[in-house]
S.K.: 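Let me give you the structure first, and then I'll get to my questions.
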Amino acid sequence: MASPFVEVPVGDRVVKITNPDRVYFPARGETKLDLANYYLSVGDGIVRALYERPCMLHRYPEGVGASEKIYQKRLPKGAPDWVQTAEVSFPSGRNADELCVTELASVIWGVQMSTVEFHPWHTRRGAVEMPDELRIDLDPQPGTDFEDAKAVAVIVREVLADVGAVGWPKTSGNRGLHIYVRIEPTYGFREVRRAALAFAREVERRVPDRATTKWWKEERGERIFIDFNQNAKDRTIAAAYSVRGFDHGPVSAPVTWDELPDVETEDFTIATMPARFARLGDVHAGIDDVHVSIDPLLEWADRDEADHGLGDAPYPPNYPKMPGEPPRVQPSKKNPANWPKG
């Protein structure tokens with residue numbers, strides 16, 4: 001027996017949504033069709049966040065909590081001929097054609113393929129090796145929370161102002177904050193990651209009791225980790241307006257700096273965001289208006305190395321060994337006292 005479906009008009013296209021009544025978010029009972037309608041309600045915002053970017057999909061075929069999440073890098077089979085792709089290469093050396101959103105119908109088709117979360121690259125299809133976005137990821141560690149992340153975000157804004165840049169904050173949809181900076185796409189992933197590390201170290205210098213760049217968890221303490229590695233190749237973050245894969249359907253929500261002190265991550269869900277978007281529109285609508293140079297941050301990186309002996313930091317474990325990278329060994333495991341005897 002064929003599964004039930006509804007046909008959803010999206011601009012000039014019609015997208016078939018099968019199993020529209022399947023519950024995707026059990027906390028309030030929202031369905032697959034509710035998810036599609038959510039993305040329709042924030043259409044301009046989600047398309048702006050994904051436009052022309054290679055995009056990894058987080059798919060939940062039976063709904064959140066009812067099935068294992070599928071990390072889908074390659075475009076799923078059966079895509080209509082109007083769904084576009086971008087070819088990318090991974091640190092492993094392999095290649096893939098990923099979803100590349102150019103219109104809202106592609107997002108709704110992603111929902112049909114059970115996609116809840118959209119995770120774009122920080123490059124665009126025309127120059128997939130040249131990031132046009134620097135990402136500042138404020139990740140609360142045990143003993144810290146969203147309030148601590150907001151406090152560090154204040155310092156992030158100050159440091160951005162020092163280099164003539166503007167940051168665009170959003171909630172992660174979980175516990176942390178993301179701040180995006182549009183940059184000139186003139187450098188590759190290694191240079192942009194190096195700039196992000198230099199930026200993070202400057203924030204850490206200003207509030208060492210609140211922020212850390214330590215890659216190893218055992219060294220972070222009760223501080224906000226500034227995850228510079230989110231700027232490495234093939235690292236992705238949930239897009240602005242992306243729903244997250246939790247029972248209550250939280251949203252990674254763009255916010256303004258003025259409202260940031262008073263927001264909570266629980267404020268933004270697929271139940272609440274449509275009314276906010278209808279009232280305010282996309283509060284990140286101006287994000288693409290200005291792209292800044294990362295040259296000042298690369299000068300900071302040179303300064304850190306020359307004056308403070310601060311070179312590169314470890315890459316994630318799935319990356320090949322990178323030039324200038326320190327050993328990927330936890331500090332506690334480098335201690336001779338922890339070596340086996342005999």
Side-chain angles (χ1 to χ4, degrees), residues 6 8 10 17 19-50 55-67 69 101 104 107-108 110-120 137-140 145-150 153 168-180 236-285 287:
V6 297
V8 177
V10 191
I17 302 292
N19 300 306
D21 296 328
R22 176 171 288 159
V23 173
Y24 265 44
F25 303 98
R28 288 183 305 271
E30 286 107 344
T31 65
K32 185 179 183 181
L33 183 58
D34 290 329
L35 178 62
N37 285 330
Y38 161 75
Y39 279 119
L40 289 172
S41 75
V42 297
D44 289 346
I46 189 65
V47 170
R48 180 174 289 108
L50 299 176
C55 186
M56 182 172 71
L57 311 177
H58 289 197
R59 298 173 55 222
Y60 294 80
E62 303 299 325
V64 172
S67 60
K69 176 165 62 174
V101 168
L104 182 55
V107 177
I108 306 308
V111 173
Q112 160 57 15
M113 300 306 294
S114 69
T115 302
V116 171
E117 301 186 22
F118 292 85
H119 286 238
D137 180 5
L138 304 182
D139 184 10
D145 56 21
F146 188 63
E147 290 300 315
D148 297 299
K150 290 194 290 186
W168 298 82
K170 70 180 183 71
T171 67
S172 70
N174 190 5
R175 300 178 61 240
L177 274 171
H178 303 150
I179 300 163
Y180 289 170
T236 61
I237 296 177
Y241 299 104
S242 176
V243 183
R244 304 303 307 273
F246 300 103
D247 288 357
H248 61 296
V251 171
S252 183
V255 297
T256 67
W257 285 109
D258 287 344
E259 68 181 329
L260 181 59
D262 299 318
V263 305
E264 300 294 341
T265 56
E266 297 80 7
D267 296 340
F268 309 108
T269 70
I270 65 170
T272 63
M273 183 58 83
R276 172 182 166 87
F277 196 90
R279 186 175 74 254
L280 300 177
D282 182 7
V283 298
H284 280 192
I287 192 171

S.K.: Do you know which of L40, V42, V101 makes side-chain contact (heavy atoms from CB on, under 4.5 Å) with V107?
M.R.: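 Per the side-chain contact (heavy atoms from CB on, under 4.5 Å) rule, the option paired with V107 is V101, out of L40, V42, V101.
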
S.K.: Side-chain contact test, heavy atoms from C-beta onward, threshold under 4.5 Å: evaluate it for P140 versus D145 and give yes or no.
M.R.: no

S.K.: Rounded at 0.5 Å granularity, tell me how far CZ in R276 sits from OG1 in T269.
M.R.: 12.0 Å

S.K.: Could you report the tightest heavy-atom contact between S172 and N174, atom names first, then the distance?
M.R.: OG-N, 3.0 Å

S.K.: Are I287 and D282 packed together at the side-chain level, in the sense that at least one heavy-atom pair is separated by less than 4.5 angstrom?
M.R.: no

S.K.: Run the numbers on I270 and Y39 for side chain to side chain contact (heavy atoms under 4.5 Å, CB included), then give the verdict.
M.R.: CA-CA 9 Å; I270 65 170; Y39 279 119; over 6 Å; no

S.K.: With a 4.5 Å heavy-atom cut-off, do K69 and V116 have their side chains touching?
M.R.: no

S.K.: Give me the atom names and distance for the closest heavy-atom approach of S252 to H178.
M.R.: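 That closest heavy-atom pairing would be OG-ND1, 4.5 Å.
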
S.K.: Tell me the closest heavy-atom pair linking A239 and I46, and the distance in Å.
M.R.: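 Distance-wise, the nearest heavy atoms are CB-CD1, 4.4 Å.
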
S.K.: Report yes if some heavy atom in the side chain of I237 is under 4.5 Å from a heavy atom in the side chain of K170; otherwise report no.
M.R.: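 Side-chain contact under 4.5 Å: yes.
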
S.K.: Please examine the side chains of E117 and M56, heavy atoms only from C-beta on, and report whether any two atoms are closer than 4.5 Å.
M.R.: no

S.K.: What are the two closest non-hydrogen atoms of V263 and V255, and how far apart are they?
M.R.: CG1-CG1, 4.3 Å

S.K.: At what distance, to the nearest 0.5 angstrom, does CG of D21 lie from CD1 of I17?
M.R.: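 Going from the CG atom of D21 to the CD1 atom of I17 covers 12.0 Å.
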
S.K.: Check F268, F25, F118, Y24 against V243 for a side-chain contact (heavy atoms from CB on, under 4.5 Å) and give me the one that passes.
M.R.: F25

S.K.: If you measure from NZ on K32 to OG1 on T115, what distance do you get to the nearest 0.5 Å?
M.R.: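 Going from NZ on K32 over to OG1 on T115, the span is 9.5 Å.
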
S.K.: Within the 4.5 Å heavy-atom criterion, are Y38 and Y241 side-chain neighbours or not?
M.R.: yes

S.K.: So, D34 side chain and T31 main chain: donor-acceptor pair closer than 3.5 Å or not?
M.R.: yes

S.K.: Restricting to salt bridge (charged side-chain N to carboxylate O under 4.0 Å, His left out), what partner residues turn up for R28, sequence neighbours left out?
M.R.: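 R28 satisfies salt bridge (charged side-chain N to carboxylate O under 4.0 Å, His left out) with E30 only.
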
S.K.: Rounded at 0.5 Å granularity, tell me how far CG in D267 sits from OG1 in T265.
M.R.: 7.5 Å

S.K.: Return yes if some donor-acceptor pair links the side-chain N/O of S114 with the main-chain N/O of R59 below 3.5 Å, else return no.
M.R.: no

S.K.: Can you see which heavy atom on I179 is nearest to which on A153, and at what distance?
M.R.: CD1-CB, 4.1 Å

S.K.: As an exercise, state the distance from CG of L57 to OG1 of T236, rounded to the nearest 0.5 Å.
M.R.: 10.0 Å

S.K.: Any chance you could measure N19, atom CG, to L33, atom CG, to the nearest 0.5 Å?
M.R.: 11.5 Å

S.K.: With a 4.5 Å heavy-atom cut-off, do H284 and P169 have their side chains touching?
M.R.: yes

S.K.: Would you say K150 and L260 make side-chain contact, with heavy atoms under 4.5 Å?
M.R.: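 The answer is yes; the side chains approach within 4.5 Å.
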
S.K.: Quick one: closest heavy-atom pair of M273 and V251, and the distance?
M.R.: CE-CG1, 4.0 Å

